[in-house]
Amino acid sequence: MTKPDPSPYQWLTADSLTVAPLLLGLELVSNAGGIETAGRIVEVEAYHGREDPASHAYRGHTSRVAPMFEAGGAIYVYLSYGVHNCVNIVTGPAGEGQAVLIRALEPTIGLNVMATRRHTAGPRLLTSGPGRLSQSLGIGLDLSGSRLGETLSLRPTGPYPAQALAVATSPRIGITKAADYPWRFYLRDNPYVSGRR
DNA sequence: CATCTGATGGTCT
DNA sequence: GACCATCAGATGA
């Protein structure tokens with residue numbers, strides 16, 4: 001018999017830029033409220049720690065961003081514009097402050113539940129965007145600081161075509177100096193990738 | 001299609 | 001009191 005892997009998320013302690021493209025194609029599963037909803041990750045955004053001006057960890061360790069300084073596999077949720085929750089998967093070793101923002105999913109499980117939570121049934125409006133997908137999966141601020149394997153987990157899905165991986169290097173909003181490294185990863189031509197380019 | 005703007009609340013200064 | 005890793009609805013072309 002095979003014993004369950006005690007640490008199936010060990011690979012998330014790698015650098016956020018390494019982890020980000022590996023998250024594409026995986027299914028993000030939520031069991032919030034005891035109801036299963038899920039979607040395939042099609043767009044992510046990598047953030048570094050203290051040296052990345054765009055990162056919430058840039059200004060150091062505060063209570064809000066404390067989960068970002070946990071070891072890879074932790075969940076960091078923040079409230080955006082007073083309206084939307086956004087989910088990050090923390091990466092890197094403890095103390096680094098790295099994370100990957102989940103920007104878009106292709107909905108796979110519980111579309112009806114998502115439609116109820118979102119007050120719309122338009123498939124593209126369910127999980128195409130960080131605020132939308134969090135609402136669809138029932139992800140609240142209370143999940144910040146939890147770990148994958150609790151309410152949220154990752155599950156492998158089928159492979160995607162090699163040419164589907166796309167990378168953007170355009171400068172982030174708020175950064176004077178253009179990002180000199182790739183930071184946004186998405187599945188090319190996937191209809192659920194968010195509109196922002 | 002593109003661009004603009006109001007909503008709204010936690011966090012930090 | 002300022003600042004947002006966003007979204008929906010409105011308006012104009």
Side-chain angles (χ1 to χ4, degrees), chain A residues 12 15-21 23-24 28 30 37 39 41-70 72 74-92 96-107 111 114-146 152 166-187 191-197:
Chain A
L12 293 173
D15 187 272
S16 63
L17 289 179
T18 302
V19 168
L23 288 170
L24 295 175
L28 178 63
S30 166
T37 49
I41 300 174
V42 299
E43 180 184 1
V44 298
E45 194 164 310
Y47 288 91
H48 277 184
R50 293 184 163 83
E51 78 287 357
D52 181 356
S55 173
H56 285 181
Y58 181 59
R59 290 166 206 288
H61 200 300
T62 66
S63 61
R64 177 181 62 143
V65 300
M68 284 189 77
F69 290 91
E70 297 291 314
I75 298 297
Y76 167 56
V77 185
Y78 70 93
L79 177 68
S80 178
Y81 292 91
V83 182
H84 305 102
N85 295 328
C86 297
V87 208
N88 290 255
I89 292 176
V90 176
T91 69
E96 285 291 308
Q98 300 180 4
V100 177
L101 171 68
I102 308 301
R103 288 197 58 85
L105 305 175
E106 176 183 325
L111 291 263
M114 297 182 189
T116 300
R117 287 172 173 165
R118 290 272 306 131
H119 305 110
T120 177
R124 222 195 94 88
L125 296 176
L126 294 178
T127 55
S128 179
R132 292 167 178 165
L133 72 88
S134 297
Q135 188 179 9
S136 279
L137 297 199
I139 296 169
L141 293 180
D142 55 308
L143 289 189
S144 195
S146 68
L152 294 178
V167 181
T169 58
S170 53
R172 289 196 190 89
I173 299 164
I175 303 192
T176 52
K177 190 176 126 181
D180 54 352
Y181 50 84
W183 55 277
R184 180 176 171 267
F185 303 83
Y186 59 99
L187 296 187
Y192 293 94
V193 170
S194 73
R196 181 171 151 222
R197 290 296 124 92

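Here the structure is a predicted model, which means the values were calculated and not measured. Here is how names work: the chains are called A, B, and so on, in the same order as the sequence lines, proteins then strands, and each is numbered from 1.
- Proximity of a side-chain donor or acceptor of A:R124 to a complementary backbone N or O of A:P191 within less than 3.5 Å is detected.
- Each of A:L187, A:I102, A:L133, A:V100 was evaluated against A:I41; a single residue qualifies, A:I102, per the side-chain contact (heavy atoms from CB on, under 4.5 Å) test.
- A heavy atom closer than 4.0 Å to some atom of DNA chain C occurs in A:P130, A:G131, A:R132, these being the qualifying members of residues 130-141 of chain A.
- The side chain of A:L79 lies closest to B:dG10, out of B:dT11, B:dG10, C:dT6.
- Counting to the nearest Å, the P atom of B:dT11 and the CE atom of A:M68 are 15 Å from each other.
- Rounded to an integer number of Å, the gap from CZ of A:R118 to C1' of C:dT6 is 11 Å.
- OP1 or OP2 of B:dT13 has not a single side-chain nitrogen or oxygen of A:R59 nearer than 4.0 Å.
- Note that CG of A:L126 and CZ of A:R117 are 11.5 Å apart. Values are rounded to the nearest 0.5 Å.
- To the nearest 0.5 Å, atom CG of residue A:N88 and atom CZ of residue A:R103 are 11.0 Å apart.
- In this structure, a donor-acceptor pair under 3.5 Å is present between the side chains of A:R118 and A:Q135.
- When atom types are taken as modelled, the side chain of A:S55 and the backbone of A:Y47 share no donor-acceptor pair closer than 3.5 angstrom.
- A:R64 places its CZ atom 17 Å from the P atom of B:dG9, with the value rounded to the nearest Å.
- Nucleotide B:dG10 holds its C1' atom 12 Å from the NE2 atom of A:H56, rounded to whole Å.
- Summarising the geometry, the separation between CD1 on A:I89 and P on C:dA5 is reported as 19 Å, rounded to the nearest angstrom.
- Remark: A:R103 is in phosphate contact with C:dT6, judged by side-chain N or O atoms under 4.0 Å from OP1 or OP2.
- The main-chain N or O of A:T127 is never found under 3.5 Å from a side-chain atom of A:S136 such that the two would form a donor-acceptor pair.
- Between the CG atom in A:L28 and the CG atom in A:L23 there is a gap of 9.0 Å [rounded to 0.5 Å].
- A distance-only check finds no donor-acceptor pair linking the side chain of A:S194 to the backbone of A:G129 [under 3.5 Å].
- Rounded to whole angstrom, the span from the CD1 atom of A:I102 across to the P atom of C:dT6 amounts to 14 Å.
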Secondary structure string for DNA chain C (Watson-Crick or G-U under 3.5 angstrom, | for other-strand pairs) = ||||.|||||||.
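- Checking side-chain atoms of A:S144 against main-chain N and O of A:L141 turns up no donor-acceptor pair under 3.5 Å.
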Pairs under 3.5 Å (N/O, protein and nucleotides 1-8 of chain B):
residue: B:dT8; atom: O2; partner: A:Y81; partner atom: O; Å: 2.2

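- With A:V65 as reference, A:Y76 is the one residue of A:Y78, A:Y58, A:Y76 to meet the side-chain contact (heavy atoms from CB on, under 4.5 Å) rule.
- Computed from coordinates, the A:Y76 OH to B:dG10 P distance equals 14 Å when rounded to whole Å.
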